[in-house]
Number of protein chains: 2
Amino acid sequence: MSKSSDAVHAILRQSEGFRSAQDIFTKMRADGAKIGLTTVYRALQSLSDDGRVDMLRTDDGESVYRACESDVHHHHLVCRRCGHTVEVAGPDVERWAEAVGADYGFTEVTHTVEVFGTCPDCASAAGSR
Amino acid sequence: MSKSSDAVHAILRQSEGFRSAQDIFTKMRADGAKIGLTTVYRALQSLSDDGRVDMLRTDDGESVYRACESDVHHHHLVCRRCGHTVEVAGPDVERWAEAVGADYGFTEVTHTVEVFGTCPDCASAAGSR
DNA sequence: GTCGGTTTTGACAATGGTTTTCATTTTGCC
DNA sequence: GGCAAAATGAAAACCATTGTCAAAACCGAC
């Protein structure tokens, strides 16, 4: 459980934002790697278990992963149309989450915050809903 | 798009927390309603579009719905151990999300915020990871 | 080098929630 | 009643994810 995991991790580190498992698989195959989809999922799972990648679900139920750059905690502003991602820091949110948790006596509080929207480009590029 | 929707909405209002679509379907059938799974999904979708029910995804990708009691938008504080859920309002977060979106020119900004932690009960009840 | 056993891998099948399809039924309206 | 539009539901299609299982890679021991 290492060579493949490392390869997947590498792909993730080369990537900007979040990527789906299938996406990663496709890219790896395109890069010439001989890897199976199953293995990608397994790698992703163990990496996530080890806390080396972040995993979250998009609105349509797909899981997406990102290499964890644990030093700085930040969130993402994702364009729901083109997928363009901006990293945003949100000290206020961090504080709020902690406060809320503490308020109810919760410990080991973590939080997931994702902001979705339509980016300027896509907005001007038109659109029906 | 009304009789069924109303029926589904009624079930939801009778329920305490979140229920899955399949769950609702099963219950309605048990209650003697002649309704199809498809219709339940359709009803849920339109109710959700109209903002009359809240919809969210569990960690395993299942969609769950709940009658919207408060017209106010709120988030959840979930115990990662026992699943106990507390509803929390977060005006600050709402404002922050909007501000962040606006900052980058994003429109139609929505956000997902979930706070996880270990609730007091579970914390005292102990544990291994 | 090779033997034996353990781990990893990946093609493929299976799962399961959700969505689509499409023919039938119901509804609203004249 | 008659007709068209909307709603319905059974079954099929989807599709991301997970399970299966036999083959391949790995590894320490001989």
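Reminder, nothing fancy here: chain letters follow the sequence lines and each chain counts from 1.
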Practice task
Mind running a 4.0 Å heavy-atom check of residues 33-41 of chain B against DNA chain D and sending the residues that fall below it, in number order?
Solution key: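 Lys34(B), Ile35(B), Gly36(B), Thr38(B), Thr39(B), in order of number.
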Exercise for the section: Can you measure from OG (Ser5(A)) to CD (Gln45(A)) and round to the nearest 0.5 angstrom? Expected result: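 Separation between the atoms: 10.5 Å.
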Problem - Asp50(A): salt bridge (charged side-chain N to carboxylate O under 4.0 Å, His left out) partners, not counting sequence neighbours - result: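 Asp50(A): no salt bridge (charged side-chain N to carboxylate O under 4.0 Å, His left out) contacts found.
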Handout entry: Partner residues of Asp31(B) under the salt bridge (charged side-chain N to carboxylate O under 4.0 Å, His left out) criterion, sequence neighbours left out
Key =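 Once residues adjacent in sequence are excluded, the partners of Asp31(B) under the salt bridge (charged side-chain N to carboxylate O under 4.0 Å, His left out) criterion are Lys27(B).
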Starting at atom [atom1] of [X], determine the distance to atom [atom2] of [N], rounded to an integer number of angstrom.
X	N	atom1	atom2	answer
Gln45(A)	dT8(C)	CD	C1'	15 Å
Leu44(B)	dT18(C)	CG	P	9 Å
Arg19(A)	dT17(D)	CZ	C1'	19 Å
Glu62(B)	dC15(D)	CD	P	20 Å
Gln22(B)	dT15(C)	CD	P	16 Å
Phe25(B)	dA11(D)	CZ	P	11 Å
Leu56(A)	dA16(D)	CG	P	16 Å

Practice task
Quick one: label Ser63(B) by what it contacts on the DNA or RNA (base, sugar-phosphate, nothing), any heavy atom closer than 4.0 Å.
Solution key: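 Touches sugar-phosphate only.
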Practice task
Considering non-hydrogen atoms only, spot the tightest contact between Gly36(B) and Phe25(B) and give its length.
Solution key: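 Smallest interatomic distance, heavy atoms only, reads C-CE1, 3.7 Å.
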Just the atom pairs and distances: protein N or O near nucleotides 21-26 of chain D's N or O, under 3.5 Å.
| from | atom 1 | to | atom 2 | distance (Å) |
| --- | --- | --- | --- | --- |
| dC26(D) | OP1 | Lys3(A) | NZ | 2.6 |

Qualifying residues under side-chain contact (heavy atoms from CB on, under 4.5 Å), relative to [X], sequence neighbours excluded:
X	value
Arg95(B)	Pro91(B), Asp92(B)
Asp23(A)	Arg19(A), Ser20(A)
Met28(B)	Ala7(B), Val8(B), Ile11(B), Ile24(B), Ala33(B), Ile35(B), Val40(B)
Ser48(B)	Val53(B), Met55(B)

Exercise for the section: Please state whether the phosphate of dG10(C), meaning OP1 or OP2, lies under 4.0 angstrom from any side-chain nitrogen or oxygen of Arg29(A). Expected result: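 No, Arg29(A) has no side-chain N/O under 4.0 Å of OP1/OP2 on dG10(C).
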Handout entry: Set of residues satisfying side chain to side chain donor-acceptor pair (under 3.5 Å) with respect to Gln22(A), sequence neighbours excluded
Key =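 In terms of side chain to side chain donor-acceptor pair (under 3.5 Å), with neighbours along the sequence ignored, Gln22(A) is linked to Tyr41(A).
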